[in-house]
*Asks:* 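Take this structure, written in structure tokens, and hold onto it; I'll ask about it next.
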Amino acid sequence: MNAQPQAATVRVFIALAPPDEAKDELARELRPAYEAYPAMRWNRIEDWHITLAFLGELPIAAVPLLQPPIAGLAATRGALELALRGGGHFDERVLWTGVDGDLDGLHLLAEDVRAAVRACGIPFEGRPLRPHLTLARARRGDTVSVVEAAAGLAGFTGRSWRTGRLHLVGSNTGRGPGPIHYRDIAAWPFAGTEITDHAPHPDAG
């Protein structure tokens, strides 16, 4: 049997991830929506993240260039106090929950992350940061489910939490009609942050 050819590129972004307690709290809030709209393409809870810089499709060889500057940035920055709040949608297609807390610090972190990426010689489309966590996408032709699910999240107020790590995330699967799956390429703790769970090795696949 011939071996599968290795992908030459990987879809990459840099992000923050809420802790398990905050994700579990949001998942409980979403239970009515899960039951009411099972046909929506719900993101896996373990894939929930807040994107700081979406780099798009990069050559595999370019990814190691990002790791030293992003690791160095994390090591010099303190954790941020954030929370998940409310809900909304993009164009009746994408369901999200919002981010509250130290938004000034979040925007500054995103600016520094993007500057570090550009310093590596990696261009990307620097869209304005709109802090959110994507939860689901509607099926083609469905303009109702996402809007109604967003209305159900309007009053959600999540607990405050502190950012633990800066994540370099890749995805080279799930590009068809199914859900998109992500994996940490590497993740680095912020200065003064105690991490008790197992961090992925920078070379983890």
*Asks:* Please report the C-alpha distance between V146 and M40 in whole Å, then the side-chain angles of each, then the deciding distance to 0.1 Å, and finally whether the side chain to side chain contact (heavy atoms under 4.5 Å, CB included) criterion is met.
*Replies:* CA-CA 8 Å; V146 163; M40 286 205 304; 3.4 Å; yes
*Asks:* Pair R159, E21 - check salt bridge (charged side-chain N to carboxylate O under 4.0 Å, His left out), show working.
*Replies:* CA-CA 9 Å; R159 70 181 69 192; E21 295 82 1; over 6 Å; no
*Asks:* Specify the closest pair of heavy atoms between P69 and C120, including all atoms of both residues, with the distance to one decimal.
*Replies:* CG-SG, 3.4 Å
*Asks:* Kindly give the heavy-atom pair with the smallest separation between W42 and A136, and that separation in Å.
*Replies:* CE3-CB, 3.5 Å
*Asks:* Could you state the interatomic distance from CZ (R114) to CG (L129), rounded to the nearest 0.5 Å?
*Replies:* 5.5 Å
*Asks:* Give the minimum heavy-atom separation between W48 and K23, together with the two atoms involved.
*Replies:* CZ3-O, 3.4 Å
*Asks:* Looking at CZ of R137 and CG of D142, how far apart are the two atoms once the value is rounded to the nearest 0.5 Å?
*Replies:* 14.5 Å
*Asks:* Restricting to non-hydrogen atoms, name the atom on A191 and the atom on A75 that form the minimum distance, rounded to 0.1 Å.
*Replies:* CB-O, 3.2 Å
*Asks:* What's the separation between atom CG in L16 and atom NE2 in H167, rounded to the nearest 0.5 Å?
*Replies:* 7.0 Å
*Asks:* Are the side chain of R139 and the backbone N or O of A39 linked by a donor-acceptor pair below 3.5 Å?
*Replies:* yes
*Asks:* If you look at every heavy atom in T97 and L135, which pair is closest and at what distance?
*Replies:* N-CD1, 4.0 Å
*Asks:* Just by distance, do the side chain of D184 and the backbone of A186 share a donor-acceptor pair under 3.5 Å?
*Replies:* no
*Asks:* Sequence neighbours excluded, which residues qualify as side-chain hydrogen bond (donor to acceptor under 3.5 Å, both in side chains) partners of E92?
*Replies:* none
*Asks:* Please list all pairs passing the salt bridge (charged side-chain N to carboxylate O under 4.0 Å, His left out) test where one or both residues lie in residues 74-88, with sequence neighbours left out.
*Replies:* R77-D112, E81-R162, R85-D100
*Asks:* Taking all non-hydrogen atoms of both residues, which atom of P18 and which atom of L133 are closest, and how far apart?
*Replies:* CG-CD1, 3.5 Å
*Asks:* Could you give the distance from CD1 (I14) to NE2 (H49), rounded to the nearest 0.5 Å?
*Replies:* 12.0 Å
*Asks:* Does anything in residues 67-94 pair up under ring pair (Phe, Tyr, Trp, His ring centres under 6.0 Å), and if so which pairs, sequence neighbours excluded?
*Replies:* F90-W96, F90-H132
*Asks:* How about V63 and V10: do any of their side-chain heavy atoms sit closer than 4.5 Å?
*Replies:* yes
*Asks:* Could you check whether atom CZ of R130 has more than 12 heavy atoms from other residues, nucleotides or ligands sitting under 6.0 Å from it?
*Replies:* no
*Asks:* Hey, does the side chain of T163 reach the backbone of L80 with a donor-acceptor pair shorter than 3.5 angstrom?
*Replies:* yes
